[in-house]
Amino acid sequence: MSNNRNGRPFTIIIIAITTVLALSLLPWGKLTGNFFKDFNLLEDISREKTIHETEELIDPELLALMQDNPDTDSSKPAQNPDRAQASVPQPDTLSTHEPLGQPTDTAYLPAEIPPVPETAPRKGDMVMIEDYTTSGNGLANLRKALTHTGRPARVAIIGDSYIEGDVFSQNVREYLQQAYGGRGVGYMGLHSDIPGFRQSVRQGGSGWSAHDVRHTRRMVHKWLPGEYFTGSQGAKATYKGVSKLPHASAWNNTRFLFIAPSDGTITINGKKYPVTASDNVQCIEITGETSSVSITNGVPGITGLGVWLNDDSGITLDCMSLRGNSGISHTTLNEELSAQVAEFISYDLIIVEYGINALTSSQKDYSKYAGYMENVIRTLRRCHPQADILLMGIGDRGQKRGGAVHSLPTCRNMVDAQRNAARNTRILFWDTPDAMGGEDAVVAWRNDRLVNADYIHLNHKGGEVLGKKLADAIIDNLNRL
């Protein structure tokens with residue numbers, strides 16, 4: 001009897017290990033639409049490189065769009081961005097809402113636009129920001145905001161799973177706040193499916209439902225993050241600062257933006273705030289030093305747009321990520337809603353990080369996707385006319401060829417198309433794979449445990465390395481003039 005009992009724990013351990021190993025062999029990304037990522041239990045103790053094909057990551061909306069417009073498929077050659085025609089209006093003055101279904105030809109550019117560099121411009125080891133703006137003044141709006149004492153300079157980074165969980169963006173924020181002051185993580189949704197993954201804040205709560213462009217074709221409130229939240233009576237959202245990051249433990253300004261279809265009350269940190277029904281965006285602002293916030297809903301049918309946790313000075317950066325999004329849905333942002341939000345939260349720089357969910361190993365011509373993104377940039381300019389716009393090239397990613405892993409060859413095709421989109425729309429551009437080290441950079445980053453085993457996504461350590469590189473480039477551009 002005693003011998004059987006002594007053997008049971010060992011048997012249970014063997015069964016548990018076998019079960020986990022079996023689960024690690026399943027294609028979780030494919031089975032769950034990339035809600036869960038593939039994993040390898042032995043990846044950190046094995047020399048064998050784990051890499052997965054990622055064709056299934058393509059944004060379904062983008063695929064449908066391309067199928068609806070077969071006359072503009074990738075068999076067509078890319079337009080020559082160096083052709084010039086002075087009679088075409090400047091992109092800064094365009095006010096027409098470009099249709100999403102067909103990219104607009106913006107290849108004819110005024111002659112004075114800077115040419116595409118043969119290689120990304122550098123200052124020592126730093127890859128600099130490329131300036132294709134009409135004025136040539138780089139981050140002029142962000143630079144101006146940093147001298148304004150009435151509010152913090154605001155940066156938003158919109159993107160996909162590359163920045164999910166505030167990976168990378170939390171470090172850009174930290175280095176900018178170290179240089180210019182400010183604390184707090186900025187924008188927070190009312191609900192997160194993976195709150196524990198984020199290291200820059202502790203988020204909790206219940207009773208909120210998320211609505212976003214990935215699952216809702218016709219969004220009622222479509223604005224910069226691509227999501228909003230509806231809350232039941234008594235729905236709660238909590239946020240607590242962390243000491244892991246120097247500027248994330250406390251802040252002195254909290255704002256909750258919402259739309260209230262009926263009267264009610266919002267309780268924040270125990271204090272009740274009466275709310276009157278309105279179709280317009282409303283804001284409750286709480287000032288004073290704090291390290292935590294608790295919000296309880298008492299407004300029937302409320303739509304929560306978000307909560308902002310930051311100081312009333314310095315600089316703040318908002319992470320707005322949607323896994324699986326190619327970015328093209330941002331062509332149809334609600335301009336009126338954006339203007340109402342801007343009365344309380346006005347952005348000085350918008351960083352656009354997309355491309356993972358439009359990249360394949362077979363397609364070499366991304367001019368069509370770049371055309372869609374040009375329309376996205378024009379929409380961002382209309383919705384946020386006071387913001388600089390910086391487009392990031394897609395990060396380097398790996399592909400197993402033969403017995404070795406190398407950079408995906410089509411990654412450079414995507415980056416070139418993204419650079420042309422930035423040039424055509426007169427915005428700023430940053431060459432991410434060059435900043436990572438160029439050809440086969442992702443292999444070196446994986447060897448240093450800076451990217452995950454999929455050879456695509458940064459881990460928190462890699463986010464810190466790449467975040468400093470972008471922050472350095474931003475600070476250099478701000479100090480340039």
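The first residue of the sequence shown is numbered 1, and numbering continues consecutively from there.
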- Task: Please examine the side chains of V405 and R446, heavy atoms only from C-beta on, and report whether any two atoms are closer than 4.5 Å.
- Result: no

- Task: Find out whether I328 and Y354 are in side-chain contact, i.e. whether some heavy atom of one side chain is under 4.5 Å from a heavy atom of the other.
- Result: no

- Can you tell me if E174 uses its side chain to pair, donor with acceptor, with the backbone of H247 under 3.5 Å? yes

- Got N171 and L466 here, is their nearest side-chain heavy-atom distance under 4.5 Å? no

- For E227, enumerate each residue passing the side chain to side chain donor-acceptor pair (under 3.5 Å) test, keeping only those at least two apart in sequence or located in another chain. Y187

- Message: Can you confirm whether the side chains of N137 and R143 place a donor and an acceptor under 3.5 Å from each other?
- Response: no

- Query: So do L337 and V281 actually touch side chain to side chain, heavy atoms under 4.5 Å?
  - Reply: yes

- Query: Does the D388 side chain pair with the main chain of L142, one donor and one acceptor, at a distance under 3.5 Å?
  - Reply: yes

- Query: Hey, what do you get for OH (Y347) to OG1 (T316), rounding to the nearest 0.5 Å?
  - Reply: 8.0 Å

- Are S338 and R382 side-chain neighbours, meaning at least one heavy-atom pair lies under 4.5 Å? no

- Task: Return the minimal non-hydrogen interatomic distance between G306 and F256, and the atom names on each side.
- Result: O-CD1, 3.5 Å

- Query: Atom CG of L139 and atom CD1 of I475: how far apart are they, to the nearest 0.5 Å?
  - Reply: 11.0 Å

- Message: For G395, is there any backbone N or O sitting under 3.5 Å from a side-chain donor or acceptor partner on E353?
- Response: no

- Task: Start with the C-alpha distance between S169 and L317, add both sets of side-chain angles, then the distance that settles side-chain contact (heavy atoms from CB on, under 4.5 Å), and finish with yes or no.
- Result: CA-CA 8 Å; S169 49; L317 185 147; 3.9 Å; yes

- Query: Do D472 and K468 sit within salt-bridge range, that is, some charged N less than 4.0 Å from a carboxylate O?
  - Reply: yes

- Message: If you compare all heavy atoms of W445 against all heavy atoms of M436, which two are closest, and at what distance to 0.1 Å?
- Response: NE1-O, 2.8 Å

- Side-chain contact, heavy-atom cut-off 4.5 Å: V127 with T432? no

- Query: Any donor and acceptor pair, going by atom type alone, linking the side chain of D448 with main-chain N or O of L450 inside 3.5 Å?
  - Reply: no

- Query: Between atom CD1 of I157 and atom CG of L390, what is the distance when rounded to the nearest 0.5 Å?
  - Reply: 8.5 Å

- Would you please indicate yes or no on a ring centroid separation below 6.0 angstrom for H221 and F229? no

- Message: Tell me if the CZ atom of R401 is crowded by more than 12 foreign heavy atoms within 6.0 Å.
- Response: yes

- Task: Verify salt bridge (Lys or Arg N to Asp or Glu O under 4.0 Å) between D348 and R151, making sure each step is shown before the conclusion.
- Result: CA-CA 11 Å; D348 308 295; R151 65 170 178 83; 2.8 Å; yes

- Item | Residue pair H406, Y455: steps toward the ring-ring contact (aromatic ring centres under 6.0 Å, His included) verdict | CA-CA 10 Å; H406 296 282; Y455 282 76; over 10 Å; no

- Message: Is any side-chain heavy atom of D318 closer than 4.5 Å to one of N310?
- Response: no

- Task: Let me see the working for I474 and W430 under side-chain contact (heavy atoms from CB on, under 4.5 Å), right down to the final yes or no.
- Result: CA-CA 10 Å; I474 290 173; W430 193 60; over 6 Å; no

- Item | Distance in Å, N280 CG paired with E343 CD, rounded so as to fall on 0.5 Å steps | 8.0 Å

- Item | Main-chain N/O of R449 paired with N459 side-chain donor or acceptor, under 3.5 Å | yes

- Query: Is it true that R412 and D431 have a side-chain N and a carboxylate O under 4.0 angstrom from each other?
  - Reply: yes

- Message: Looking at every heavy atom in both G355 and Y369, which two are closest together, and how far apart are they?
- Response: N-OH, 3.6 Å

- Verify whether one side chain among N375 and T331 offers a donor that lies under 3.5 Å from an acceptor in the other. no

- Item | Atom of A237, atom of Y239 and distance for their closest heavy-atom approach | CB-OH, 3.6 Å

- Validation row: M188, L309 side chains within 4.5 angstrom (heavy atoms): yes

- Between Q170 (side chain) and G467 (backbone), is there a donor-acceptor pair under 3.5 Å? no

- Find the distance between CD1 (I389) and CG (N141) and round it off to the nearest 0.5 Å. 9.5 Å

- Item | Which atom of D434 lies closest to which atom of A120, heavy atoms considered | OD2-CB, 3.4 Å

- Query: Which is it for V352 and M373 under the side-chain contact (heavy atoms from CB on, under 4.5 Å) test, yes or no, and what are the steps along the way?
  - Reply: CA-CA 10 Å; V352 181; M373 291 307 295; 4.1 Å; yes

- H457 and S161 side chains, donor-acceptor separation under 3.5 Å: yes

- Task: Decide whether T133 and D131 meet the rule of one side-chain donor and one side-chain acceptor closer than 3.5 Å.
- Result: yes

- Item | Spacing of CG belonging to N325 relative to CZ belonging to R323, to within rounding of 0.5 Å | 12.5 Å

- Query: Judged by atom type as modelled, is there a donor-acceptor pair below 3.5 Å linking the side chain of T410 to the main-chain atoms of T360?
  - Reply: yes

- Message: Using modelled atom types and a 3.5 Å cut-off, is there a donor and acceptor pairing between side-chain atoms of R255 and backbone atoms of F344?
- Response: yes

- Item | Chi angles and distances behind the side-chain contact (heavy atoms from CB on, under 4.5 Å) call for Y366, L359 | CA-CA 8 Å; Y366 292 95; L359 185 70; 3.4 Å; yes

- Note on the structure: Tightest non-hydrogen contact, residues D160 and S321, listed as O-CB, 3.5 Å

- Tell me, please, which residues at least two apart from T287 pass side-chain contact (heavy atoms from CB on, under 4.5 Å). N253, E285

